[in-house]
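See below for the structure under consideration.
Every chain is numbered from 1, with letters handed out A, B, ... down the list of sequences.
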2 protein chains.
Amino acid sequence: MSNPIVDFLSKYIDLTQEETDIVTNQDMMRSYKKGTILLSEGKIAKECFFILQGCVMSYYLVDGEFKVTEFFTESQPITPVSYTTKKPSEYFLECMEDCIISLGTPERSAELMSKLPRLAAMGASIMEDQLANQRMKYDEFIKLSPEDRYQNLQKTSPDLLNRVPQYLIASYLGIKPETLSRIRKRLYS
Amino acid sequence: MSNPIVDFLSKYIDLTQEETDIVTNQDMMRSYKKGTILLSEGKIAKECFFILQGCVMSYYLVDGEFKVTEFFTESQPITPVSYTTKKPSEYFLECMEDCIISLGTPERSAELMSKLPRLAAMGASIMEDQLANQRMKYDEFIKLSPEDRYQNLQKTSPDLLNRVPQYLIASYLGIKPETLSRIRKRLYS
DNA sequence: CCTGTTCATTGACTTGAGTCAATAAATTCA
DNA sequence: TGAATTTATTGACTCAAGTCAATGAACAGG
């Protein structure tokens, strides 16, 4: 029986059966209802996440206004900045759908590392990957107009457009819902 | 005699004298004239960098137009996406001043890792740190207006404003030089 | 199935950034 | 130093995104 976390790790190194078992066993998962806040502004994240099922959104609340920065879906890890820095989070994490999520803690990750030393080296690769992704996201934001960003999103994550209400997509693209509505009209009519 | 790279690594773990010596010895540095291109679009990065002295800028060339994404200065590491992915770079790296830079290669870094296993674990922390920084940069870009971004830059890196011409700062902020000029006028007059 | 709420669209108007073009200031270097 | 080049400022105009407000569509809960 396959485990999404094992699949994820397999992108970086091949796990032995024993290692697979260790990962599978130590795995702790929970389910959350749509609307559940996984992390609030001002709180210190005690856990990191790996999404098995569902969709999670990160956003800031600036002058009472949502500023969406990311949507996470199946097989994506979420390492809150606050989890790394141990300082209060500046943003929220909220479940956009009913979710099944695997939780990580510093303790359990240390335990896992001691059992699987090979994982330690892999940690850098995973982080490197995520860093490269984050950079590309930033660069894309700088390079493209809102309209181009929307078309890009359609290409790269067409599913998102159906899973998430448009006014949140708009925020994610850095524009107002009315503007997104007009962009769509401009493009398809 | 202190070594900036040793100082940098010391933020993550304390190095023994022996370890310090290894890092210091294996260190390979070069100097570059202002205007030198360290990495071109289309080329695969064979090296990563650590800036000992000077300033390096990364930028895309989109329809013949500069899109500045980052300025790197003293004691900052630069790991080009292309260095990680082994694919052609989409952006340029250029020296904005005469620079002294330490070079890293996969081979020499592997060698270093084998001599200093403790460094491997640290790799993940360094990457984690950089990831957190990159996220905050992105989030700030989403949250703030061009005007606020300029004021923020003044606070966090006042030196940059003197080291780099304004039209490149403008590009970095995601606006045109004329607009930055007007923002400055709005703010200080 | 109806009702209230949330989400999406549209219109009229404002505003801030972009564009084009000219000029001024600052730098470079022969 | 002085001429050439690069960088910064300013003005007049355009245009895309924001704002405010109203209407319509989709959806959830009783």
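B/Met127 places a side-chain heavy atom less than 4.5 Å from the side chain of B/Thr79. Inter-residue side-chain proximity for A/Leu116 and A/Val23 is flagged as met; some heavy-atom pair is nearer than 4.5 Å. The shortest side-chain heavy-atom distance between A/Tyr172 and A/Val164 does not fall under the 4.5 Å cut-off. Side-chain contact between B/Ile13 and B/Glu19: absent, with no pair of heavy atoms (C-beta onward) separated by less than 4.5 Å.
Nucleotides of DNA chain C lying under 4.0 Å from heavy atoms of chain A occupy a range whose first and last members, 5' to 3', are C/dC7 to C/dA12.
Rounding to whole angstrom units, OH of residue A/Tyr150 and P of D/dA17 are separated by 14 Å. Residue B/Met96 contributes atom CE, which lies 13 Å from atom C1' of D/dT6 at whole-angstrom precision. The interatomic distance linking A/Leu187 (CG) with D/dA17 (P) rounds to 11 Å, in whole Å. Per the geometry, CZ belonging to A/Arg149 stands 15 Å off P belonging to D/dA16, to the nearest Å. Rounded to whole Å, atom P of D/dA16 lies 18 Å from atom CG of A/Leu173. Rounded to whole Å, the distance from CD1 on B/Ile142 to P on D/dA17 is 16 Å. When rounded to the nearest whole Å, the span between CD of A/Gln166 and P of D/dA25 equals 15 Å.
Residue B/Asp98 is tested with B/Lys34, B/Arg163, B/Lys33 for a salt bridge (charged side-chain N to carboxylate O under 4.0 Å, His left out); the sole match is B/Lys33.
Of all the residues in residues 175-182 of chain B, B/Glu178, B/Ser181, B/Arg182 reach under 4.0 Å from DNA chain D with at least one non-hydrogen atom.
Ion pair B/Glu70/A/Arg135 not flagged as a salt bridge, since none of the NZ, NE, NH1 or NH2 atoms sits closer than 4.0 Å to an Asp/Glu carboxylate oxygen. In this structure, B/Lys115 pairs ionically with B/Glu111, as a charged nitrogen and a carboxylate oxygen lie closer than 4.0 Å.
Cation-pi contact between B/Lys86 and B/Tyr83: present, with separation from the ring centre below 6.0 Å and deviation from the ring axis of at most 45°.
Listed here is the closest heavy atom pair of A/Ile101 and A/Ile51: CG1-CA, 4.5 Å.
Take the nearest nucleotide of DNA chain C for B/Lys34 and for B/Glu65: the residue whose nucleotide is more 5' is B/Glu65.
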